[in-house]
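The structure appears right after this line, and notes come after that.
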Amino acid sequence: MNIAVIGYGKMGKLIESLALEQGDRVGAVVDPLYGPGTSACGAAVYKTIPDMAAGTPGGVDVALEFTRPDTALDNIKALAERRIPTVVGTTGWQDGLAEAGAAVEAAGSALLWAPNFSLGVNLFYRIAAFAAALMDSFPDYDAAGYEIHHNKKADSPSGTAKSLAEIIIKNMGRKTTAVYETLNRPPRPEELHYGSLRLGAAPGVHTIMFDSPADSIEITHSARNREGLVRGALLAAGWLIRRDEAGAPRRGVFTFDDVLAGILGRRPGSAA
């Protein structure tokens with residue numbers, strides 16, 4: 001793959017390193033705070049996506065966008081206009097998903113987004129779905145969750161936390177509403193309380209809990225570093241640009257679950 005890296009912070013630099021490690025090429029980097037210049041591997045660094053699209057020899061196959069919630073939507077639309085398939089790992093922008101999808105569809109391009117690209121997290125989604133459906137039959141068990149991330153993370157709760165809360169609610173009929181803010185009252189029985197903590201350099205911890213008067217069950221995913229996110233994003237990028245090789249159109253909006261569906265054959269919201 002010939003990759004454009006959108007955002008050249010810690011994640012962008014790791015994308016560059018691991019892409020080269022697996023034999024891909026980084027054809028361009030876009031970061032207004034870094035460019036113009038060259039990246040660690042010698043790729044041209046541009047300040048804007050239009051500059052990159054006009055200046056990259058031979059173009060790029062796919063863009064990986066890891067920036068900030070306040071810039072992601074504009075980046076998605078700019079890449080769609082240039083018909084560059086895009087994998088978006090930024091979180092906190094999903095209120096603009098309908099707008100992004102409309103831009104992608106109008107341009108005949110492709111977008112693949114996920115609240116978390118870690119393979120382990122996406123397997124954790126399936127475990128959470130099964131656990132929630134199982135515990136729903138036992139009313140003594142209440143449910144809740146919490147997450148921990150580094151103190152530079154821009155959004156709270158994280159996209160992964162929201163996804164886990166939605167999965168629990170979908171599979172646990174007793175819970176209908178997620179509450180992420182501080183509760184200065186007892187939670188109502190139908191509320192799922194999901195807390196967030198921002199601390200130091202923690203790359204990410206997600207825990208779901210089922211508690212009864214007799215005992216407590218906790219299921220946790222702990223990220224050791226950001227490498228899992230990047231490897232998952234590169235896997236998704238390869239899937240996105242190879243869809244037409246199997247006779248499937250690569251236009252439209254996809255999620256990481258579409259990538260995994262062929263491996264596991266099940267959606268994260270299904271307990272089956």
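Position 1 is the first residue of the sequence, and the numbers go up from there. The analysis underlying the following values was restricted to heavy atoms, covering all of them including side chains, and did not include hydrogens, waters or symmetry mates.
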salt_bridge(Asp61, Arg242) N-O dist < 4.0 Å:
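Judged by the 4.0 Å cut-off on N to carboxylate O distance, Asp61 and Arg242 do not form a salt bridge.
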
[Y] versus [X], side-chain donor and acceptor atoms under 3.5 Å:
{"X": "Ser39", "Y": "Glu16", "answer": "yes"}
{"X": "Gln22", "Y": "Asp24", "answer": "yes"}
{"X": "Glu191", "Y": "Thr177", "answer": "no"}

Taking the inter-plane angle between the rings of [X] and [Y] on a 0 to 90° scale, is it parallel (under 30°), tilted (30 to 60°) or perpendicular (over 60°)?
{"X": "Tyr180", "Y": "Tyr194", "answer": "tilted"}
{"X": "His221", "Y": "Phe124", "answer": "tilted"}
{"X": "Phe117", "Y": "Phe66", "answer": "tilted"}

Taking the side chain as everything from C-beta on, heavy atoms only, tell me whether [X] gets closer than 4.5 Å to [Y].
{"X": "Leu234", "Y": "Leu64", "value": "yes"}
{"X": "Val29", "Y": "Tyr34", "value": "no"}
{"X": "Pro69", "Y": "Thr90", "value": "yes"}

Is atom CZ of Arg82 surrounded by more than 12 heavy atoms (other residues, nucleotides or ligands) closer than 6.0 Å?
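Atom CZ in Arg82 is packed in, count exceeds 12.
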
Applying side-chain hydrogen bond (donor to acceptor under 3.5 Å, both in side chains) between Glu65 and each of Asn75, Thr71, Thr86, report the one that passes.
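Only one of Asn75, Thr71, Thr86 forms a side-chain hydrogen bond (donor to acceptor under 3.5 Å, both in side chains) with Glu65, namely Asn75.
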
Taking atom [atom1] of [X] and atom [atom2] of [Y], what is their separation to the nearest 0.5 Å?
{"X": "Thr48", "Y": "Asp74", "atom1": "OG1", "atom2": "CG", "answer": "12.0 Å"}
{"X": "Arg83", "Y": "Ser109", "atom1": "CZ", "atom2": "OG", "answer": "7.0 Å"}
{"X": "Asn122", "Y": "Asp257", "atom1": "CG", "atom2": "CG", "answer": "7.0 Å"}

Determine, stepwise, if the pair Lys175 / Asp142 fulfils salt bridge (Lys or Arg N to Asp or Glu O under 4.0 Å).
CA-CA 9 Å; Lys175 297 296 183 182; Asp142 197 6; 2.6 Å; yes

Strictly distance-based, threshold 3.5 Å: is any side-chain N or O of Arg231 a donor or acceptor partner for the main-chain N or O of Leu18?
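Such a contact is absent between Arg231 side chain and Leu18 backbone.
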
